[in-house]
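To start, the structure itself, in structure tokens.
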Amino acid sequence: MKGTFALLDIAGYVALLLWGTHMVTSGVLRGYGSALRRWMGRYLGHRSAALGFGVCVTAILQSSTATGLMATSFAASGFLGLAPGLSVMLGANVGTTLIVQVMSFDISIVAPVLVLIGFVIYRHTDDVSYENLGRVSIGLGLMLLALHLLVGAMAPVENAQVLRAILQSLASEPVLAMVVAALLTWACHSSVAVVLLIVSLANAGVVNAPGALALVLGANLGSTIPALMEAHTPVARRLPMGNLLVRAVGCVACLPLLPWLAHALAALGDSPARIVVNFHTAFNLSLALVFIGPVDSLARLLVRLLPEPPKPNDPGVPLYLDEGAFDSANVALANAVRESMRMADMVEGMLQGLVKVFGKDDRASAAAIGRADQWLDRLGVAIRDYLADLGGEALNEENGERSQEILAFVINLEHIGDITANNLMEFAAKKAQNGQEFTAEDIQDLAAMHAQVMESLRLGLTVFLRGDLRAAQQLVARKEVLWRLENEASERHIKALRERRDGGGGADIYLRIVRDLKRIHSHLAALAYLPLERAGLLQDRLVREPAST
């Protein structure tokens, strides 16, 4: 029973280590994920900068797996090129060795200090960024505490004769040892935890130096698997597949040389633990130096091996809503924005088609508008479900506001599509059925309102994509223009009815069209309200705005 309890202790401490890693990763991404995304998009065009970024971010996140998942999501969404992404991963592989180097020393005394500092920060601030800083500090403390407890719990297990026999047999089968360590790393999602476990085993003499190095190779190989398994499209698989190929080449090259490498590394420190840690660093640093040069050629090879699949013929099928991006809220929101812009393109096409429908009674254009509305509704449902699945816990304040903006944008586009495809197409059908014709003044007024709506759509897209406050103010101000055009059209038609120059039916259809164009504009103007409200500019605008608008 003692052995069983010892194994349970080890499993619990490994879980604590992984939870600490998760807290550090989630704290950094929630608090500073937006800044990381902007930094990546701006500065990672050069391979050396991408390499350095990978080293630094992995040292901060305490996990090359987390960096790999984030870089994979960015590359799949188009925010990060494949070659810079591979450079990021080479740096991430080096960065994780620095974590192992630091944690191989006994710094457990720092653990309670970090947990205490993190707790104080987290409980005594309302600033989200400081809360996430507290989360990071607590996570680091838990990691150090778990490692200290793990070393103590390993003592009785390391002395177990059965374990020694198994590990010694693995030492004589380096390929099998590598596979076992790879599977264990995949299950743990942390190469740091597995390598530190190998360090503990080697230090206790449970496994010899060449066998420990084979296990380290397996840990490096296994750390590439989670990102590959999380990728759901060929484009998303390119980056983790490239990282896997780089690690696999390194493993194949090192396997026959393990005894010689163990002997050579003894010159830097002859303790088994130091040999394992130094080999882990040397292995990844060598791969970074070897592959940073031909990284562009590797990127082209991956594009040929994993070509982009043909896009579906059904425009209502989402193209960018990759669920694998949920681990990085910034990337997931960027995916939702890209899909929302497809909806905006459809709405723009529907509004442009109104000219043909009302000007020439074009039934083909009317049918096309009806089909586009069906595609629009399906995309809207997919985006709303995607944002709901992303969840509130993974979003910091900035990302939460962006999620609400996307949701409002999608809902307003759906309403515009419904008004266009249902109301306006019904009026067009009645106009064609009754053989009614609009006067030259009617056509001129409709053209003016239509032009205003199209211009407002362009302003609305600027507000949505860039948060442009000036464009938002212009968009809201244009409501007065539409209000004036509607009033002028109504007064003219009422006057025509009084003079009995119109039987009433044509005027009724015309005025309903004018009213619905104004309703469409109101949905476009609504896109400006959230950024204006956050900037404190909405209330003043509402006070000055005419009540009849």
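All values derive from a computational prediction rather than experimental measurement.
- The backbone N or O of Ala336 lies less than 3.5 Å from a partner atom in the side chain of Ser340, making a donor-acceptor pair.
- A side chain to side chain contact (heavy atoms under 4.5 Å, CB included) with Leu82 is found for one member of Val295, Val303, Asp296 and no other, namely Val303.
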(Q) Using side chain to side chain contact (heavy atoms under 4.5 Å, CB included), reason through Ile117 and Val113 one step at a time and then give a plain yes or no. (A) CA-CA 6 Å; Ile117 292 174; Val113 177; 3.7 Å; yes
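- No side-chain donor-acceptor contact under 3.5 Å links Asn93 and Asn220.
- Annotation: the span from Ile411 atom CD1 to Ile406 atom CD1 amounts to 12.0 Å, rounded to 0.5 Å.
- Screening Leu145, Val115, Leu114 against Leu140 for a side chain to side chain contact (heavy atoms under 4.5 Å, CB included) leaves a single residue, Leu114.
- In this structure, the side chains of Arg402 and Val337 come closer than 4.5 Å at one or more pairs of heavy atoms.
- Side-chain contact between Met89 and Leu86: absent, with no pair of heavy atoms (C-beta onward) separated by less than 4.5 Å.
- The CG atom of Leu379 lies 8.0 Å from the CG atom of Leu321; values are rounded to the nearest 0.5 Å.
- A donor-acceptor pair under 3.5 Å links the side-chain atoms of Arg342 to the main chain of Pro315, judged by distance alone.
- To the nearest 0.5 Å, atoms CD1 (Ile121) and CG (Leu116) are separated by 10.0 Å.
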(Q) For Thr185 and Leu221: C-alpha separation, side-chain torsions, deciding distance, then whether side chain to side chain contact (heavy atoms under 4.5 Å, CB included) applies. (A) CA-CA 8 Å; Thr185 306; Leu221 195 62; over 6 Å; no
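- Closest heavy-atom contact between Ala214 and Leu258: CB-CD1, 3.7 Å.
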Q: Would you check, one step at a time, whether the test side chain to side chain contact (heavy atoms under 4.5 Å, CB included) holds for Asn132 with Val136?
A: CA-CA 6 Å; Asn132 285 299; Val136 170; 5.6 Å; no
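- Side-chain contact between Ile225 and Leu183 is absent, with no heavy atoms from C-beta onward closer than 4.5 Å.
- Annotation: side chain of Thr97 is not in contact with side chain of Val195 (no heavy-atom distance under 4.5 Å).
- Remark: Leu268 CG to Phe279 CZ distance equals 13.0 Å, nearest 0.5 Å.
- No side-chain heavy atom of Val88 sits less than 4.5 Å from a side-chain heavy atom of Leu239.
- Note that CG of Leu265 is 7.0 Å distant from CG of Leu213, once rounded to the nearest 0.5 Å.
- Between Ser286 atom OG and Asn284 atom CG the span is 8.5 Å, to the nearest 0.5 Å.
- The closest donor-acceptor contact from the side chain of Glu339 to the backbone of Ile383 lies at 3.5 Å or more, if one exists at all.
- A heavy-atom distance below 4.5 Å is found between the side chains of Met241 and Leu228.
- The residues Glu414 and Arg384 are annotated as salt-bridged, a charged nitrogen and a carboxylate oxygen being separated by less than 4.0 angstrom.
- Within the 4.5 Å cutoff, no side-chain heavy atoms of Leu289 are placed close to those of Leu90.
- Between the side chain of Ser87 and the backbone N or O of Leu51, no donor-acceptor pair lies under 3.5 Å.
- In this structure a side-chain-to-backbone donor-acceptor pair under 3.5 Å is missing from His280 to Val276.
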**Q.** Verdict with supporting geometry, Phe464 and Met341, side chain to side chain contact (heavy atoms under 4.5 Å, CB included)
**A.** CA-CA 10 Å; Phe464 175 66; Met341 293 307 298; 4.1 Å; yes
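- Counting only heavy atoms from C-beta outward, the side chains of Tyr122 and Ser137 never approach each other to under 4.5 Å.
- Looking at Arg238, its side chain does come within 3.5 Å of a backbone N or O of Leu306 through a donor-acceptor pair.
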